[in-house]
Q: 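One structure follows; several queries about it will come next.
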Amino acid sequence: MAENEGKKSTNFIRAIIDDDLKTGKYGGRVHTRFPPEPNGYLHIGHAKSICLNFGLAIDYNGLCNLRFDDTNPTKEEDEYVNSIIEDVKWLGFDWQDRLFYASDYFDKMYEYAEQLIKKGKAYVCDLSADQIKEYRGTLTEPGKNSPYRERSVEENLDLFRRMRNGEFKDGEKVLRAKIDMSSPNLNMRDPVIYRILHASHHRAGDKWCIYPMYDFAHCLEDSIEGITHSICTLEFEDHRPLYDWFLDELEIYHPQQIEFAPLNLSYTVLSKRKLLQLVQEDIVAGWDDPRMPTVSGLRRRGYTPQSIRIFCDKIGVAKRDSMVDVALLEHCIREDLNYTVPRYMAVLDPVKVVIENYPEDKTEMLKAVNNPEDPSAGTREIPFCREIYIERDDFREDPPRKYHRLYPGNEVRLRYGYYVTCTGFKKDPETGQITEIICKYDPATKGGDSPDGRKVKGTIHWVSARHAIDAEVRLYDRLFKTPNPLENRDIDFKENLNPDSLIVLKSCKLEPNLADVKPGQRMQFERKGYFCVDPDSTTSNLIFNRTVPLKDSWAKLEKAEKQKAQKSKDEKNKKDSGLISFKDFSKIDLRVGVIKEAELVKGADKLLKLMVDVGEDRLRQIFAGIRKAYPEPEKLIGKSVVVVANLEPRKMSFGVSEAMVLAGSGKDNLSIVTFDSDIEPGSKVS
RNA sequence: UGGGGCGUAGCUCAAUUGGCUAGAGCACAAGCCUUUGGAGCUUGGUGUUGAUGGUUCAAUUCCAUCCGCCCCAGCCA
């Protein structure tokens with residue numbers, strides 16, 4: 001794959017494979033597999049695994065199988081296998097003739113189970129599910145042996161065969177591996193390997209009423225297929241000893257299991273159970289709702305397989321828990337589409353503009369480039385006339401700072417059109433909404449260049465009102481409003497849904513060149529974002545989905561300005577309230593000071609001059625307005641007081657005051673705060 | 001208080017297996033450029049490599065201790 005060339009990504013799994021290749025562990029083979037359970041749709045987390053497994057096979061000249069791990073008939077359906085096949089194919093991977101099903105190995109697995117029994121390594125257990133749980137012990141206490149653990153090989157064989165023959169009801173008996181009930185690894189405490197399930201299987205039908213458990217089945221599937229590196233997610237790390245145990249006891253081909261961290265994506269959930277819930281509770285329109293992180297959702301949203309592959313390459317593979325920023329996914333699709341899709345003009349929230357000096361009955365065709373990044377994409381023609389639509393947000397009656405779009409008196413460029421200057425506007429007196437904007441145009445600026453070299457700061461898109469076609473546009477945004485919707489376990493993750501994740505715009509105006517688009521087609525609407533045609537779209541009812549908006553530095557700037565305004569408002573409110581925050585308070589340096597000198601200030605009738613020891617190598621000079629309370633200042637000498645020591649020095653006509661003494665004042669009296677105990681001058685007051 | 005894992009810029013990953021100033025993408029900020037406030041170009045930065053000790057001429061890398069986070073008690077996968 002092209003994007004895998006160049007600087008090749010490296011990770012711990014590749015290191016392991018490199019090493020195995022060097023030592024000839026598997027005779028130089030690399031054979032991986034992607035083993036989904038067909039009980040749900042694939043999502044971007046699976047895409048990571050798919051890209052990893054198939055990517056490894058491609059890069060190492062090996063093979064990768066697609067295998068359905070369908071060992072639980074109660075949860076699996078053909079609908080899911082079909083969607084999975086479609087999705088893996090769509091992502092661009094090819095398993096050739098190696099499409100497998102665990103259920104194809106049921107006979108073989110059954111044989112292996114009997115082998116285990118014959119070897120005395122498995123037994124039929126009659127304990128109920130609850131009892132098994134009880135006997136298992138806990139994380140810190142060992143379990144105890146089942147009373148059925150020592151049945152004879154003959155009895156086990158007989159019972160197991162009768163299980164297969166349907167002589168028992170669901171849950172009545174299970175086959176268990178005989179390992180170690182006191183193992184610190186709970187998976188090794190005689191795990192169940194076969195259970196009775198009278199359910200018909202999506203492929204095997206009613207042939208079986210016993211089905212193997214994951215731990216038993218999976219290693220066998222890998223072994224049967226000759227897998228070399230069985231790559232799975234971290235939660236199976238604890239299962240590896242069991243994986244190894246089965247293969248060792250059976251003495252059959254032994255692949256190695258390697259675990260990596262599953263993908264977490266900000267502002268989304270990636271758990272089949274939670275995604276199922278969103279579908280079943282009609283919170284989204286289905287598995288392929290464009291807001292879903294499913295492969296089918298991303299496809300309908302307009303993502304390309306290539307962008308997803310690049311994303312999976314960029315996020316890397318490691319063992320630590322991580323949360324990838326969804327901004328990276330968005331970056332990947334923008335980057336891909338920027339170079340590959342054509343531009344069109346579409347006005348999503350239209351307001352009419354009348355160009356007063358443009359002839360009433362004239363129409364002319366203007367040339368527009370299809371993709372500035374790709375000259376080979378050519379040009380097209382767009383009709384222009386006296387009446388056009390522009391984006392409501394591209395006009396302001398009172399423009400904010402740095403706004404360089406249309407406003408009364410301002411000149412802007414109509415993309416590929418003319419320079420126009422706003423000369424007036426009409427407003428609905430009731431609602432205050434702008435109903436029409438009046439402009440004049442400069443005929444010399446056709447195509448968007450002015451012969452006199454004058455510049456305009458803004459370029460806006462437009463659509464001819466007489467030629468525009470109507471369409472519905474669906475604006476999609478992140479499904480959740482919080483970076484990690486599952487962070488707080490006490491809150492239902494659905495509380496974190498983004499109420500604005502879908503906004504439907506009904507009367508959008510599009511340039512006529514878009515009349516014949518087909519579902520799945522991708523394009524950029526200039527200045528707005530990347531869009532694609534929804535599968536529900538028809539010629540008479542066009543529907544576009546927004547894949548991702550363009551980066552909008554104006555929106556960012558505007559938001560920042562608003563936040564700035566809000567912040568200064570908050571600060572003002574804080575000041576007005578007279579409260580300081582704990583943080584501010586901690587900055588105040590209150591110290592114990594001892595008054596060493598005190599005298600009246602000549603020429604002032606309220607002030608005393610104090611010289612105070614605050615633990616420094618010199619005394620501080622403080623002017624305090626406390627003369628009324630202390631007419632005989634010498635009595636203050638030797639007193640301990642509380643001093644605010646980190647005030648800016650204040651210049652007064654008598655000298656500089658270098659601190660402040662805390663005092664309390666009532667209606668007619670005033671006194672300073674003093675101490676009696678002998679605390680060292682300079683001590684912190686807390 | 002059992003077992004298994006994992007800690008490197010804000011985020012995701014690297015670091016030639018003990019060696020030069022710990023790198024890259026995303027995100028962020030500034031500047032340039034621009035007929036998309038897109039794209040592009042230039043620049044910028046923060047890292048006590050979870051912490052503390054130890055071995056060594058040299059530690060992200062080896063050892064020890066500690067701290068923090070994740071997973072495991074389905075007859076789900």
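All values reported here derive from a predicted model rather than from experimental measurement. In what follows, every chain begins at residue 1, and chains take the letters A, B, ... in the order their sequences are listed.
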Q: Under 3.5 Å, which protein N or O atoms sit close to an N or O of nucleotides 45-50 of chain B? Give each pair with its distance.
A:
none

Q: Name all residues meeting the ring pair (Phe, Tyr, Trp, His ring centres under 6.0 Å) criterion together with A/Tyr41; count only those two or more places apart in sequence or in a different chain, and write none if there are none.
A: A/Tyr80, A/Trp287
Q: Just to verify, what does A/His239 make a side-chain contact (heavy atoms from CB on, under 4.5 Å) with, not counting sequence neighbours?
A: A/Asn187, A/Asp215, A/Phe236
Q: Please enumerate all residues that pass ring pair (Phe, Tyr, Trp, His ring centres under 6.0 Å) together with A/Phe216, with sequence neighbours excluded.
A: A/Tyr194, A/Phe246
Q: Are any of A/Arg195's side-chain N or O atoms less than 4.0 Å away from OP1 or OP2 of B/rA77?
A: yes
Q: Just to be sure I understand the rule, does A/Leu197 reach a base, reach only the sugar-phosphate, or reach nothing, if contact means heavy atoms closer than 4.0 Å?
A: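 No contact.
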Q: Any base atoms under 4.0 Å from A/Val317, or only sugar-phosphate, or nothing? Heavy atoms, all strands.
A: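 Touches sugar-phosphate only.
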Q: Report the secondary structure of RNA chain B in dot-bracket form, marking unpaired bases with a dot and bases paired to a different strand with |, and treating Watson-Crick or G-U pairs with both distances under 3.5 Å as paired.
A: .((((((..((((.....[...)))).(((((.......))))).....(((((..]....))))))))))).....
Q: Within the structure, does a side-chain N or O atom of A/Arg415 lie under 4.0 Å from either OP1 or OP2 of B/rG38?
A: no
Q: I want to verify a distance call: between B/rG3, B/rA14, B/rA77, whose nearest atom is closest to the A/Thr10 side chain?
A: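 So the side chain of A/Thr10 is nearest to B/rA14.
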Q: Just call it for A/Glu259: base, sugar-phosphate, or nothing, with non-hydrogen atoms closer than 4.0 Å on any strand.
A: nothing
Q: Near RNA chain B, counting only heavy atoms under 4.0 Å, which residues of residues 38-51 of chain A show up?
A: none
